[in-house]
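Residue numbers count from 1 along this sequence. What you are looking at is a predicted structure, and each value in this text was computed from that prediction instead of being measured.
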Amino acid sequence: MNHNQTEVTLAGDNSSGKKFLVPFILVVSLFFLWGMAHNLDSVLIPHLKKACNLNNVQSTLIDTSVFFAYFLMAIPAGAILKKWGYKVSMITGLLTFALGAFLFVPAANELSYNLFLFALFIIGCGLTILETSANPYAAVLGDPAKSTFRLNLAATFNGLAAPVAAVVGGFILSGKSHTQEELAAMTDVVRNNYFLEEASTVKLPYIILGSVLVLVALLFYFMKLPEIKTKSIDGAATGSFFGSLNHKHLRWAVIAQFFYVGAQVCVTSFFIRAAQQGGGFDELTAVKYLALYGTLFLTGRFVGTFLLRYIASNKLLSIYAVIAVLLCLVAIFGQGSFVVYALGGLGFFMSIMFPTIFGLGIEGIGNDTKPGSSWLIMSIVGGAILPVFMGKLIDVYGDNIQIGYSIPLVCFLVILYFGISGYKISSK
């Protein structure tokens, strides 16, 4: 064992998997729930664009609100985890997430986009706390030799949320839309009633989501979870937050993760409108193809995990990045259903990128693993920034959704560089 590491153990006997089965199921539910939150954003962007009469840049603030919370909360979430432990952190994350979900009700009643954004920011804060605590807890909840398997299994349920959220989105989207000219021709009362009717469809799904979150938090509260003990090997130091960036491959991993999360959010945020504009589909048909995208993302997790047994992770990442670039070109220049198929294919080839970049970034950094992981979580802020540039590009080109996919194309080129060269371990 590397002496520049910390050892994490569970109090009690690790040999019995049954002892940890119920706690692990509860932790896996968290992966599914935060997956639901992120994938519902793909529906909220076109939906609130209509309900609140927004332009493309304004609609991307939905992503900005959620992912900027990751940047702001990454260090506080780590402090909460350090001070109060995994159980309290997960309960805090669930209740914060639930609060944000319930705030959708007054936001819809008041037709207040600012309140929607505040609710999403609160959700993002809850998600940050959940991810900071649930990922390492899943890793140590059982036989240490099977920690990677448990993380991949948990991540699969995160992927399962993608098609489920698309189905839920079918209940949020009305299928009705009006041009600016048609809206201008309406009376103030009719137009306002249309906006309120559109906004109101989010209330029931988010009330149900918030209620489920509270229920899960209660289960965590009453469940006796295995205690985690952390000890230093040979009295090693715990690593340095800024010093961890001395590892060149970690720096590149942070950059690659920034662009990966930005690319994924860009792809999904404009998926429905790209399917409408490029594919010629109506809104409700487009959301069905978003469900197909989610299914391909989930399938990609299984296939990618299998392929990683035979192909080096950096090589598979590079291959997938090349294919993603080609699919972006089809999305930009293609016509008809080919555009939608290309976007669906991106789901498959993006599926392994986040965990693969994460794993390559923290490989061999010893005591800097924890601060390095914090940097990689903070890099999720790419999901807050890059969609705004995509929305601006779309607006500049006269609401041309397809040209906006130039942004994720550039992102995949950065990831390709990381897979070819940036991943190489170096301390300079």
**Message:** Between Tyr70 and Glu131, do the side chains contain a donor N or O and an acceptor N or O under 3.5 Å apart?
**Reply:** yes
**Asked** Can you check whether Leu103's main-chain N or O pairs, donor with acceptor, with Tyr206's side chain at less than 3.5 Å?
**Response** no
**Message:** Show, in sequence, the C-alpha distance, side-chain angles and deciding distance for Phe270 and Ile407, and conclude whether the side chain to side chain contact (heavy atoms under 4.5 Å, CB included) test is met.
**Reply:** CA-CA 12 Å; Phe270 290 94; Ile407 300 295; over 6 Å; no
**Request:** For the residue pair Leu120 and Leu44, establish whether any side-chain heavy-atom pair is separated by less than 4.5 Å.
**Result:** yes
**Prompt:** Just wondering, do His47 and Val202 contact through their side chains at under 4.5 Å, heavy atoms?
**Reply:** yes
**Request:** Evaluate side chain to side chain contact (heavy atoms under 4.5 Å, CB included) for Leu386 paired with Val265, printing each intermediate quantity in order.
**Result:** CA-CA 8 Å; Leu386 294 180; Val265 175; over 6 Å; no
**Prompt:** Got a donor-acceptor contact below 3.5 angstrom from the Gln402 side chain to the Ala274 backbone?
**Reply:** no
**Prompt:** Just by modelled atom types, is the Met36 backbone N or O under 3.5 Å from a matching donor or acceptor in the Asn39 side chain?
**Reply:** no
**Request:** Output the distance between atom SG (Cys411) and atom CD (Gln264), rounded to the nearest 0.5 Å.
**Result:** 11.5 Å
**Message:** Tell me the closest heavy-atom pair linking Ala51 and Ala199, and the distance in Å.
**Reply:** CB-N, 3.8 Å
**Asked** Does the separation of the ring centres of Phe297 and Phe348 fall below 6.0 angstrom?
**Response** no
**Prompt:** Does Asp188 come within less than 4.0 Å of Arg191, counting only side-chain N to carboxylate O?
**Reply:** yes
**Item:** Minimal non-hydrogen separation, Val168 against Pro205, with atom names
**Value:** CG1-CB, 4.2 Å
**Request:** Give the C-alpha distance, both sets of side-chain angles, the deciding distance and a yes or no for side-chain hydrogen bond (donor to acceptor under 3.5 Å, both in side chains) between Lys424 and Asn314.
**Result:** CA-CA 9 Å; Lys424 294 177 181 177; Asn314 68 292; over 6 Å; no
**Request:** Assert yes or no for the condition that the ring centre distance of Phe157 to Phe31 is strictly below 6.0 Å.
**Result:** no
**Message:** Just verifying a value: how many Å separate Ser379 OG and Tyr260 OH, rounded to the nearest 0.5 Å?
**Reply:** 11.5 Å
**Message:** Please evaluate residues Leu346 and Tyr341 with respect to the criterion side chain to side chain contact (heavy atoms under 4.5 Å, CB included), reporting the C-alpha separation (whole Å), side-chain torsions for both, the decisive distance (0.1 Å), and the verdict.
**Reply:** CA-CA 9 Å; Leu346 281 171; Tyr341 296 149; over 6 Å; no
**Item:** Heavy-atom side-chain proximity of Phe104 to Ile123 below 4.5 angstrom
**Value:** yes
**Item:** Any side-chain heavy-atom pair of His249 and Tyr423 under 4.5 Å
**Value:** no
**Item:** Least distance between heavy atoms, Pro46 atom then Ile272 atom
**Value:** CG-CD1, 3.8 Å
**Asked** With no hydrogens and no angle check, is any side-chain donor or acceptor of Ser133 less than 3.5 Å from a backbone partner on Tyr86?
**Response** no
**Message:** If we count only N and O atoms by modelled type, under 3.5 Å, do the side chains of Thr268 and His38 hold a donor and an acceptor together?
**Reply:** no
**Message:** In the structure I gave you, are the side-chain heavy atoms of Leu360 and Ser313 within less than 4.5 Å of one another anywhere?
**Reply:** yes
**Prompt:** Crowded around Phe71 CZ? As in, over 12 foreign heavy atoms under 6.0 Å?
**Reply:** no
**Prompt:** For Ile172, does its backbone N or O pair with a side-chain atom of Thr201 as donor and acceptor, under 3.5 Å?
**Reply:** yes
**Request:** In plain terms, say whether Glu283 and Lys50 are close enough for a salt bridge, that is, a side-chain N and a carboxylate O under 4.0 Å apart.
**Result:** yes
**Prompt:** Rounded to the nearest 0.5 Å, how far apart are OG of Ser406 and CD1 of Ile394?
**Reply:** 9.5 Å
**Asked** Got a second to check how far Leu204's CG is from Leu209's CG, nearest 0.5 Å?
**Response** 11.0 Å
**Asked** How many angstroms lie between CG in Leu81 and NZ in Lys87, if you round to the nearest 0.5 Å?
**Response** 15.0 Å
**Asked** Does atom CZ of Phe389 have more than 12 heavy-atom neighbours from other groups under 6.0 Å away?
**Response** no
**Asked** Taking C-beta and beyond as the side chain, do Met73 and Thr132 meet within less than 4.5 Å on heavy atoms?
**Response** no
**Message:** Quick check: closest heavy atoms across Ala384 and Val388, and the distance to 0.1 Å?
**Reply:** O-CG2, 3.6 Å
**Complete:** Here the pair of heavy atoms bringing Leu296 nearest to Gly345 is CD1-N, 4.1 Å
**Asked** What are the two closest non-hydrogen atoms of Gln277 and Asp399, and how far apart are they?
**Response** NE2-O, 2.7 Å
**Prompt:** Using the benzene-type ring in the case of Trp, are the ring centres of Trp252 and Tyr417 under 6.0 Å apart?
**Reply:** yes
**Prompt:** Any side-chain heavy-atom pair from Met353 and Phe412 closer than 4.5 angstrom?
**Reply:** yes
**Prompt:** Would the number of heavy atoms belonging to other residues, nucleotides or ligands and lying under 6.0 Å from CZ of Phe118 be above 12?
**Reply:** no
**Request:** Determine whether the aromatic ring centres of Phe68 and Phe121 lie less than 6.0 Å apart.
**Result:** no
**Message:** Under a 3.5 Å cutoff, is there a donor and acceptor pairing between the side chains of Asn56 and Lys49?
**Reply:** no
**Complete:** Between the CD atom in Gln257 and the CD1 atom in Ile380, the distance rounded to the nearest 0.5 Å is 7.0 Å
**Message:** For Ile425, is there any backbone N or O sitting under 3.5 Å from a side-chain donor or acceptor partner on His247?
**Reply:** no
**Request:** Step by step, work out the ring-ring contact (aromatic ring centres under 6.0 Å, His included) result for Phe271 and Tyr293.
**Result:** CA-CA 9 Å; Phe271 186 102; Tyr293 161 89; 5.7 Å; yes
**Message:** Can you confirm whether the side chains of Thr285 and Asp282 place a donor and an acceptor under 3.5 Å from each other?
**Reply:** yes
**Side chain to side chain, Val216 and Tyr221, heavy atoms closer than 4.5 Å** = no
**Message:** For Asn55 and Ser59: C-alpha separation, side-chain torsions, deciding distance, then whether side chain to side chain contact (heavy atoms under 4.5 Å, CB included) applies.
**Reply:** CA-CA 6 Å; Asn55 62 32; Ser59 71; over 6 Å; no
